[in-house]
Asker: 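Mind having a look at this structure? Questions to follow.
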2 protein chains.
Amino acid sequence: MTTKEVSPDQDVPPKKASKKNTRSNNSRVAVLHAAERVVQKLGPGRLTIDAVVTESGMSKGGILYHFPSKSALVEGMINHMVEESNRRVAQLVEQLEGEANPTVRALIEVQGGSWVEEQSLSRALMAAAAQDPEHIGKVRDNKRLFVERMQAESQDSDDAILLWLAADCMAINKVLNISCFTDEEEKRLHARLLSLVDKLSAKSRT
Amino acid sequence: MTTKEVSPDQDVPPKKASKKNTRSNNSRVAVLHAAERVVQKLGPGRLTIDAVVTESGMSKGGILYHFPSKSALVEGMINHMVEESNRRVAQLVEQLEGEANPTVRALIEVQGGSWVEEQSLSRALMAAAAQDPEHIGKVRDNKRLFVERMQAESQDSDDAILLWLAADCMAINKVLNISCFTDEEEKRLHARLLSLVDKLSAKSRT
DNA sequence: TTGACTGTACCGTCTGGACGGTTTATAAAA
DNA sequence: TTTTATAAACCGTCCAGACGGTACAGTCAA
């Protein structure tokens, strides 16, 4: 509602469909990564187009060619990161085939991994929350999806969800730089989470 | 390091010690509440002094008298909300005297309560994260305090901490408007958290 | 030729904050 | 009690810089 029409559904603003390795898409992704770095370095409140220009080395015109407005840029960040996160989770779920509660396991694993610190969804989320609360809906929808999967995977789905929430909170704290745990504590808590999932799986198997 | 010296330790900018009902302190608190409302209505990225001017009805000069910079305002919000949150938790802990794991219980109770939606620490936190990442240290310190209390209260302190994290995450999600739960689910999860604390207490008592 | 840019110049708006002036509370002096 | 002094509390305006965004002429590889 802010800007008219930016990129209706997909993660691609120019005309053609998403051929992944076009020159256009490569620099597009480069812009998104630069934006992430800006948020990481300066905080979500100082994500400006000019900052992305500096960080990416691209010209302002170039940036605005890919993302016709700042809102579109933020939307792009959200989409990109949701997709990346989902890709990782899906990959882990696949590896965990056969085990009980694969989704919770995968979510906890991904959120405990180092990826969270580098390019986190939370970071884009902060940027969005700071400037374009509208785009957050997508994140909520995505979360809901996982909730429903967990509910399908377990009778004690509430317990699974709580474990996921705990992992999520640790990830958010980390990104917001308010994590009050030592590395050791963090590892221990993470391990404990996984072992609790095991317990949960064992219980529901009986 | 941004502004020279604002309010070194206390939550009071003028000279004298904190007589709670001075005219000054009243309008000071009024400004803070107005700032909270602004963040609630417009999002942390649109917290501006002028917005607080409009919301509070006070003049810009008046605002800047109490908080000589925007950074000081955000710092004030953080302090005020940390204190308010701690007050509530302390009050609940007192009520729970005798029960096991009082701190976790109190934290979960407070974070599940309606207070979170009205004037939450998270909101100030968002504002800080958006603009002045420096002030976040105080929040981290405060969290650490609770962690250590929980560790003192229980042998299974890690489990207690995980429960707290789950509750925290629900609260954050709510405030960021990315909570993917229905009201019913939320209540159920909250109740489940409390019952899990009971289990924890029972286990450690044996 | 076309798509993918670069580079520069520019505009309107918003924002933090400085500043000078005015009102109000308080308390001492008359 | 009234007057006066003084500082705190507050007002309203102004300004420089930042920011989002436009426009447009030119470059350069595919």
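Keep in mind that this is a model prediction, so the values were computed, not measured. Chain A is the first sequence line, chain B the second, and so forth, proteins listed ahead of strands; every chain is numbered from 1.
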Asker: I'd like to check the side-chain contact (heavy atoms from CB on, under 4.5 Å) partners of A:Ala100; sequence neighbours left out, ordered by chain and number.
Answerer: A:Ser201, A:Arg205

Asker: To the nearest Å, give me how far apart NE2 (A:His66) and C1' (C:dT6) are.
Answerer: 12 Å

Asker: Mind checking salt bridge (Lys or Arg N to Asp or Glu O under 4.0 Å) for B:Arg149 and listing every partner two or more places apart, or none if nothing turns up?
Answerer: none

Asker: Check this one for me: any side-chain N or O of B:Tyr65 less than 4.0 Å away from OP1 or OP2 of D:dC10?
Answerer: no

Asker: Output the rounded distance in Å from CZ (A:Phe67) to P (C:dC5).
Answerer: 11 Å

Asker: I would like to know whether A:Asp168 and A:Gln111 meet side-chain hydrogen bond (donor to acceptor under 3.5 Å, both in side chains); could you show each step before the answer?
Answerer: CA-CA 6 Å; A:Asp168 204 17; A:Gln111 279 160 351; 3.1 Å; yes

Asker: Between D:dA29 atom C1' and A:Asn26 atom CG, what is the distance in whole Å?
Answerer: 15 Å

Asker: Expressed in angstrom and rounded to an integer, what is the separation of A:Arg46 atom CZ from C:dC14 atom P?
Answerer: 21 Å

Asker: B:Thr48 has a side chain; which of D:dG21, C:dG16, C:dG17 sits nearest to it?
Answerer: C:dG16

Asker: List the residues meeting side-chain contact (heavy atoms from CB on, under 4.5 Å) with A:Thr182, not counting sequence neighbours, and say none if there are none.
Answerer: A:Glu184, A:Glu185

Asker: Rounding to an integer number of Å, can you tell me how far A:Ile49 CD1 sits from D:dT22 C1'?
Answerer: 11 Å

Asker: Applying side-chain contact (heavy atoms from CB on, under 4.5 Å), name anything that partners A:Asn86, two or more places apart in sequence or on another chain.
Answerer: A:Val82, A:Asn142, A:Phe146

Asker: Excluding sequence neighbours, so at least two apart, what forms salt bridge (Lys or Arg N to Asp or Glu O under 4.0 Å) with A:Asp50?
Answerer: A:Lys60

Asker: Would you mind reading off the distance between B:Leu73 atom CG and C:dT15 atom P, rounded to a whole angstrom?
Answerer: 14 Å

Asker: Tell me: NZ of A:Lys70 to P of D:dG21, nearest whole Å?
Answerer: 8 Å

Asker: Considering only nitrogen or oxygen atoms on both sides, find all protein atoms under 3.5 Å from nucleotides 11-15 of chain D and state each distance.
Answerer:
from, atom 1, to, atom 2, distance (Å)
D:dC11, OP2, B:Ser59, N, 2.6
D:dC11, OP2, B:Ser59, OG, 2.8
D:dC11, O5', B:Ser59, OG, 3.2
D:dG12, O6, B:Gly61, N, 3.3

Asker: Measure the distance from CG on A:Asp50 to P on C:dT13 and round it to the nearest whole Å.
Answerer: 19 Å

